[in-house]
Amino acid sequence: MNRRVKRILLFDDKYGRINSHWPYDTKNIIISDRQYYDEPEFKDSLLYKLSQKSYDAFVFSGRKAPEAARILDSITQNEKSVLVCNRSLRKVFKLHNTNLSCKNLETWDVKKLNRLGNDWVRAALSYPFDVLLVQTYGDCEIFNQVLNKKCAFWVPYCYNDHLFYPRNDVQKNLDIGAFFKLERHDHRIAFLDRVKKIADKNGYSFEFSDEYWGEAYAENICRPKVMLHLSYCGDIPWRLYECAASKTCLLTDPLSFHVERLFTRGKDY
């Protein structure tokens, strides 16, 4: 990307409205508009925006991004005169928690990706996106190998500094906190059971919640003296950035995917 500011139209769903995967602008990227494709009148709203402005790229988040991309294609094909400037723009898809490289297979093909991948992987393969932003380190090489083109790039997670920051008005009144989804990891239920037993035995206060986004979560993450995390396969999670920004101690299993590129041992942790 050159130094000229890029203006993008961001497509997201209702979850992105609560905790956007693209929370704010950067020095070289301006989010000109956000388009939520699970809202009523999506097509009419999109057509109006495309007719009023020109963009440098279209960026998609969410598992139903391929459907939104196809709707965009249908609009740009039908509305020839007004939207010609937006037709050839690159479509970028940002996907999460693919965790393919942890399977350690020597060879990959499309069938294996569809069978062994998750919903994000299947969404990425179901539409010919121009660029894939992969947030599990090492998986971009697998996508590029299978698709036979350099279209996938590793982009680590970030955090929304409007939500996550040290809060002097929030007391550290909780010994142990754990905020994550149980069903996304085979060992998290057993992990929490063990933590509960340890907490009860030692008189520690302990709280679990599967609500891990939004303003309430951003405040809750400041309350524990220790926040617990159990990663999918050593990948770098949102929670790492959020706890670091909130000055909350995070206790996690080893994170193998180049955490040293993002944090300095002895300084950040």
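Judged by distance alone, the side chain of Ser45 and the main-chain N or O of Phe42 form no donor-acceptor pair under 3.5 Å. A donor-acceptor contact shorter than 3.5 Å links the side chain of Arg188 to the backbone of Leu230. Using a distance-only test at 3.5 Å, with no hydrogens or angles considered, a donor-acceptor pair links the side chain of Lys112 to the main chain of Thr107.
Ring to ring, Phe11 and Phe60 are close: their centroids are under 6.0 angstrom apart. In summary, the aromatic rings of Phe206 and Tyr204 are positioned with their centroids too far apart to meet the 6.0 Å limit. Tyr241 has its ring centre less than 6.0 Å from the ring centre of Phe263.
Taking the side chain as every heavy atom from C-beta outward, Ile30 and Ile8 never approach each other to under 4.5 Å. A 4.5 Å side-chain heavy-atom check between Asp210 and Phe179 finds every atom pair outside the cut-off. Two residues are said to be in side-chain contact when any heavy atoms from C-beta on lie closer than 4.5 Å; Lys53 and Arg7 fail this criterion. In this structure the side chain of Val92 reaches within 4.5 angstrom of the side chain of Leu133, judged on heavy atoms. Contact annotation: the side chain of His229 never approaches that of Leu251 to less than 4.5 Å [non-hydrogen atoms, C-beta and beyond]. Between Val121 and Leu100, some side-chain heavy-atom pair lies under the 4.5 Å cut-off.
In this structure, Tyr48 is not a member of the same hydrophobic cluster as Leu46, with clusters built from ILVMFWY side-chain heavy atoms closer than 4.5 Å. Under the 4.5 Å side-chain contact rule for hydrophobic residues, Ile198 and Met227 do not share a cluster. Two different hydrophobic clusters hold Leu174 and Leu228 under the rule that ILVMFWY side chains link at heavy-atom gaps under 4.5 Å. In the hydrophobic clustering of this structure, Trp108 groups with Val134; members are Ile, Leu, Val, Met, Phe, Trp, Tyr whose side-chain heavy atoms approach within less than 4.5 Å, directly or through other members. Clustering ILVMFWY residues whenever any of their side-chain heavy atoms sit less than 4.5 angstrom apart, transitively, puts Leu105 in the very cluster that holds Leu125.
More than 12 heavy atoms of other residues, nucleotides or ligands lie within 6.0 Å of NZ in Lys103, so this atom counts as buried by the packing criterion. With a 6.0 Å radius and a threshold of 12 heavy atoms from other residues, nucleotides or ligands, Lys149 has its NZ atom above the threshold. Within a 6.0 Å sphere centred on CG of Asn168, other residues, nucleotides and ligands contribute 12 heavy atoms or fewer.
For the pair Arg63 and Tyr37, the tightest heavy-atom approach, listed with the atom from each and the gap, is N-OH, 4.2 Å. A pairwise comparison of heavy atoms in Asp33 and Tyr55 identifies OD2-OH, 2.6 Å as the closest pair. Of all heavy-atom pairs between Phe180 and Arg239, the closest is CB-NH2, 3.5 Å. Residues Phe143 and Leu95 come closest through the heavy atom pair CZ-CD1, 3.9 Å. Between Ala124 and Leu132, the closest heavy-atom pair is CB-CD2, 4.0 Å. Here the closest non-hydrogen pair linking Pro254 and Ser231 is O-OG, 4.3 Å.
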Given the rule in the side chain to side chain contact (heavy atoms under 4.5 Å, CB included) test, do Ile142 and Leu113 qualify, once you have shown the distances and angles that lead to the verdict? CA-CA 9 Å; Ile142 296 174; Leu113 281 183; 3.8 Å; yes

Test salt bridge (Lys or Arg N to Asp or Glu O under 4.0 Å) on Lys64 and Asp13 and set out the steps. CA-CA 8 Å; Lys64 293 186 177 180; Asp13 55 20; over 6 Å; no

Using salt bridge (Lys or Arg N to Asp or Glu O under 4.0 Å), reason through Asp175 and Lys225 one step at a time and then give a plain yes or no. CA-CA 5 Å; Asp175 292 318; Lys225 297 173 182 175; 3.3 Å; yes

Walk me through whether Ser32 and Lys49 qualify under side-chain hydrogen bond (donor to acceptor under 3.5 Å, both in side chains). CA-CA 10 Å; Ser32 298; Lys49 288 180 180 178; over 6 Å; no

With salt bridge (Lys or Arg N to Asp or Glu O under 4.0 Å) as the test, would you mind laying out the steps for Lys91 and Asp73 before giving the verdict? CA-CA 10 Å; Lys91 300 182 184 67; Asp73 288 341; 3.2 Å; yes

Carefully, step by step, assess Glu207 and Ile176 under the rule side chain to side chain contact (heavy atoms under 4.5 Å, CB included). CA-CA 7 Å; Glu207 184 176 310; Ile176 305 170; over 6 Å; no

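Here CZ of Arg90 is found 12.5 Å from CZ of Phe58. Values are rounded to the nearest 0.5 Å. Interatomic distance, CG of Asp12 versus CD1 of Ile31, reported as 9.5 Å (0.5 Å rounding). Within the model, atoms CD1 of Ile71 and CG of Leu47 stand 12.5 Å from one another, a figure rounded to the nearest 0.5 Å. To the nearest 0.5 Å, atoms OG (Ser61) and OH (Tyr36) are separated by 10.0 Å. Taking OG from Ser209 and CD1 from Ile221, the interatomic distance works out to 11.5 Å, rounded to the nearest 0.5 Å. One finds the OG atom of Ser246 at 9.0 Å from the OH atom of Tyr165 (value rounded to the nearest 0.5 Å).
Here the options are Arg167, Lys172, Arg223, the test is side-chain hydrogen bond (donor to acceptor under 3.5 Å, both in side chains), and the partner is Thr248; only Lys172 passes. The only member of Asn118, Asp139, Thr136 that meets side-chain hydrogen bond (donor to acceptor under 3.5 Å, both in side chains) when paired with Asn99 is Thr136.
Classification of the Phe164-Tyr217 ring pair by plane angle, with boundaries at 30° and 60°, yields perpendicular.
Remark: Asp119 engages Arg122 in a salt bridge, criterion side-chain N to carboxylate O under 4.0 Å.
Both the sub-6.0 Å distance and the 45° axial angle are not jointly satisfied by Arg70 relative to the ring of Tyr127.
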